[in-house]
Protein chains: 2
Amino acid sequence: MRNTKATIKGGNAGRNRGHNRRVVLDYVRRNEPTGRAEIARSCGLSVQAVSNITDALAADGLLQVVGKTTGKRGKPVVQYRFNPDESYAVGIEMRPDAMVCAVLNLNGKLIVADRIAISNATPERAIPMACALIEKTINSAGRPPDKLLGVGVVMPGPFGESALSGIGDANLPGWQNTDIKHSFEKALGCTVVVENDATAAAISERVAGVATKIDDLCFIYFGTGLGLGVIAGGHSQSGAFGNFGEIGHIITQIDGNICTCGNSGCLETYASRMAAKTYLEMRGHTAIDTQAITRLMAENDPDLRAWIGQAATHLSLAIGMIENIFDPETVVLGGAMPDSIIEALIAQLTLPHGSVANRKDRSMPRIIKGASGRNTAAIGGASIIIHQTTTPALSLFN
Amino acid sequence: MRNTKATIKGGNAGRNRGHNRRVVLDYVRRNEPTGRAEIARSCGLSVQAVSNITDALAADGLLQVVGKTTGKRGKPVVQYRFNPDESYAVGIEMRPDAMVCAVLNLNGKLIVADRIAISNATPERAIPMACALIEKTINSAGRPPDKLLGVGVVMPGPFGESALSGIGDANLPGWQNTDIKHSFEKALGCTVVVENDATAAAISERVAGVATKIDDLCFIYFGTGLGLGVIAGGHSQSGAFGNFGEIGHIITQIDGNICTCGNSGCLETYASRMAAKTYLEMRGHTAIDTQAITRLMAENDPDLRAWIGQAATHLSLAIGMIENIFDPETVVLGGAMPDSIIEALIAQLTLPHGSVANRKDRSMPRIIKGASGRNTAAIGGASIIIHQTTTPALSLFN
DNA sequence: TTAATTACTCAAGTAACTTGAATTAAATAT
DNA sequence: ATATTTAATTCAAGTTACTTGAGTAATTAA
């Protein structure tokens with residue numbers, strides 16, 4: 001029997017209702033405070049329809065009346081705003097060595113974050129531990145379980161079996177054939193989304209970071225490896241098999257450093273946490289972790305300086321590519337790397353002149369630093385849930 | 001006054017109707033012949049709704065009854081199929097030296113193509129000439145003007161002012177500040193879409209080429225320069241400023257060939273029609289055009305062979321990047337280059353081993369040749385119109 | 001004080017979908 | 001042959017969420 005599933009479903013009154021609620025909610029969130037007449041004009045709906053929808057959203061606690069306008073002609077506008085504290089979202093970052101859990105309100109504001117160390121992170125061991133951590137963190141945030149919108153699980157890619165599976169230390173052992181989403185859903189009993197760290201980070205910048213008003217952005221994420229998250233037209237990209245954005249293994253130098261993937265000259269061998277560790281250890285430094293790197297940076301260590309220099313060279317090349325490929329409004333740099341390093345890298349970049357991004361009328365810099373700091377991935381996971389519930393769907397009615 | 005335009009509009013019964021018609025039309029087109037009960041199951045609509053919709057589509061001539069099933073239990077299915085000849089779409093490729101016009105039926109089948117040479121292609125001169133060519137081609141295709149769905153205008157990017165504007169011979173002179181869409185719409189009085197060549201080519205492969213069943217694909221387009229068209233989740237990508245996919249100027253060799261853009265080592269200086277011309281002319285060949293290249297290829301010319309070899313090296317690198325970035329189902333190679341060259345390039349590629357595309361369970365090759373040949377761009381323009389009218393919109397209700 | 005302006009509400013109307021019962025037509029079982 | 005099963009389709013009524021149009025309210029400007 002052939003595959004008879006349509007990519008995009010048809011609509012009816014009920015699905016339309018859901019769509020319109022999301023449209024209105026999204027509009028208010030991004031333009032608050034605002035009134036019903038304005039919403040109606042902007043969203044292409046009648047005032048009456050908007051009135052009914054805002055009533056329903058207010059009854060659900062998602063919108064609030066915050067007052068009336070004065071000073072303008074005409075009847076004063078009853079102003080609505082998004083109520084970010086009616087419900088909340090949770091994100092959890094799964095790493096080989098640790099997991100981080102974050103609870104966010106619907107404006108993307110961090111309420112509580114927690115972390116536990118873990119070793120031998122097989123699915124059988126890690127998933128129950130993750131669920132316990134989630135429960136504990138929600139508890140310490142003082143939020144009722146029934147107001148949880150969902151959990152975003154963030155993992156380093158790539159997913160599935162390919163020539164990039166299980167190389168380096170980026171991947172979690174034994175997770176390639178696990179249906180992660182289903183396992184978590186079964187254990188938690190709520191909506192679960194699984195994403196890679198870079199995409200999660202990109203979404204977090206759009207939900208509450210440096211790109212809240214931007215529909216097209218690229219996020220270069222420093223995890224163990226290096227990832228790219230892209231939001232295009234307001235929607236995140238994930239590829240045919242969920243492996244979008246594996247820029248760690250693009251080749252920036254022919255016959256360059258040997259990489260564990262079998263190629264040579266991979267970007268990740270120059271610009272990543274792993275690359276920094278390797279580079280510094282080869283020069284006699286020991287016990288290189290985030291703290292150590294922060295300390296070396298504060299000491300203005302010449303080896304670290306040198307690493308930043310060459311990492312910036314390769315990153316500049318990669319950013320040039322990304323600009324010419326995606327034509328984003330801006331490129332954000334961030335992830336599990338100390339802020340001071342990100343800043344130094346940005347300062348050292350020499351971005352290619354020949355780029356569609358090299359425009360006189362830019363309203364944002366070509367490169368900016370991400371806002372969410374070291375818990376980016378977990379915050380990103382929760383942000384995905386927020387994004388999903390407050391953004392009208394790409395292919396509606398699915 | 002702030003920007004109060006919502007990205008995505010709300011829906012109502014009428015917009016829902018339009019959406020559902022597109023959903024059904026798209027489903028039938030991709031699964032014909034098919035019956036109403038199956039459509040209903042697949043599209044998430046009731047049988048009754050589908051019945052009304054197919055009646056309406058049939059009345060418009062867009063669907064046809066083609067018979068009944070036999071051999072199966074139950075009441076035989078009244079089978080519908082898409083009627084590709086009720087209306088038609090037109091594409092026009094604008095180049096600095098020529099324009100090509102193509103008339104396609106709604107299955108993406110070429111009915112007639114025509115071409116005229118042009119010099120000094122300023123907007124003032126070229127747009128009236130283009131409109132005349134369009135009229136003439138429609139005429140010679142014997143199609144009534146009122147059944148024209150729209151015109152897709154295809155131009156080499158990048159659009160707008162940037163450091164890449166007007167370099168090389170890829171760009172049209174004087175078009176950077178012209179509102180092309182509006183000028184054509186005014187002159188033609190029908191729907192007009194403007195796209196770059198690579199994106200148009202990608203869409204044409206999805207409408208009627210080698211990727212009709214694929215939702216995620218990348219198309220590497222040989223124009224004068226080199227472009228990338230991407231379809232992700234069934235929808236084409238265009239970037240924040242319409243300049244998505246300028247891969248000609250990604251750098252594949254540090255300190256490589258000097259490029260007109262000011263960088264060195266740009267992919268386009270190794271793998272493009274221009275690169276071939278430069279390479280061969282430096283080695284004493286003269287009057288290098290498409291015909292000449294075809295002839296040299298047939299003669300197995302060693303210089304051309306050598307060019308293909310080094311072009312393939314750089315292309316392999318770029319394809320590896322593209323695979324790791326976009327995670328597509330396949331990468332298509334094509335454009336304004338003789339088939340024999342495309343085939344030779346594909347044969348010479350040495351794709352990186354370390355790639356998410358290097359999977360055992362692939363159902364398609366990593367690289368395939370595009371289907372539409374030398375008129376790809378014009379055919380692509382018309383395909384965009386077809387895609388647009390038969391594919392449910394990305395952000396519905398806009 | 002009056003006019004103009006803008007927001008909002010009420011009640012009725014409408015379009016397009018869903019539902020459930022009835023009908024039809026073929027394959028298969030008796 | 002006839003009855004049963006299966007599945008598609010139609011009919012008529014019901015439902016939902018939106019739109020429309022008239023009317024009301026609250027404020028500024030003249």
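In what follows, chains are A, B, ... by sequence order, proteins preceding strands, each numbered from 1.
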Asker: Measure the distance from CG on N52(A) to P on dA7(C) and round it to the nearest whole Å.
Answerer: 18 Å
Asker: So does R41(B) get a side-chain nitrogen or oxygen closer than 4.0 Å to the phosphate oxygens (OP1/OP2) of dA8(D)?
Answerer: yes
Asker: Calculate, to the nearest 0.5 Å, the distance between atoms CD and OG belonging to E329(A) and S363(A) respectively.
Answerer: 6.5 Å
Asker: I39(A) CD1 to dT19(D) P: how many Å, rounded?
Answerer: 14 Å
Asker: Along nucleotides 20-30 of chain D, 5' to 3', which nucleotides get a B, which get an S, and which get a -, given that the test is a protein heavy-atom distance under 4.0 Å?
Answerer: B----BBBBS-
Asker: Between dT18(C), dC8(C), dC18(D), which nucleotide has the shortest distance from any of its atoms to the side chain of N12(B)?
Answerer: dC18(D)
Asker: Could you state the interatomic distance from CG (N16(A)) to CG (N16(B)), rounded to the nearest 0.5 Å?
Answerer: 5.0 Å
Asker: Could you tell me whether the side chain of K9(A) and the main chain of V23(B) form a donor-acceptor pair under 3.5 Å?
Answerer: no
Asker: Report yes if at least one side-chain N or O of S51(A) is closer than 4.0 Å to OP1 or OP2 of dC8(C); otherwise report no.
Answerer: no
Asker: Taking atom types as modelled, find out whether S51(B) and R36(B) have a side-chain donor-acceptor pair closer than 3.5 angstrom.
Answerer: yes
Asker: State whether N20(A) places a side-chain N or O below 4.0 Å from either non-bridging phosphate oxygen (OP1 or OP2) of dC18(D).
Answerer: yes
Asker: Rounding to an integer number of Å, can you tell me how far R17(A) CZ sits from dC17(C) P?
Answerer: 19 Å
Asker: Can you name the one residue among D327(A), D216(A), D361(A) that meets side chain to side chain contact (heavy atoms under 4.5 Å, CB included) with F241(B)?
Answerer: D327(A)
Asker: Please give, in whole Å, the distance from dA16(C) C1' to R15(A) CZ?
Answerer: 13 Å
Asker: Can you tell me the distance, in whole Å, between the CG atom of D55(B) and the P atom of dA16(C)?
Answerer: 14 Å
Asker: Could you state the NE2-P distance from H19(A) to dC18(D), rounded to the nearest angstrom?
Answerer: 10 Å
Asker: With the threshold set at 4.0 Å, does a side-chain nitrogen-carboxylate oxygen contact exist between R143(A) and D85(A)?
Answerer: yes
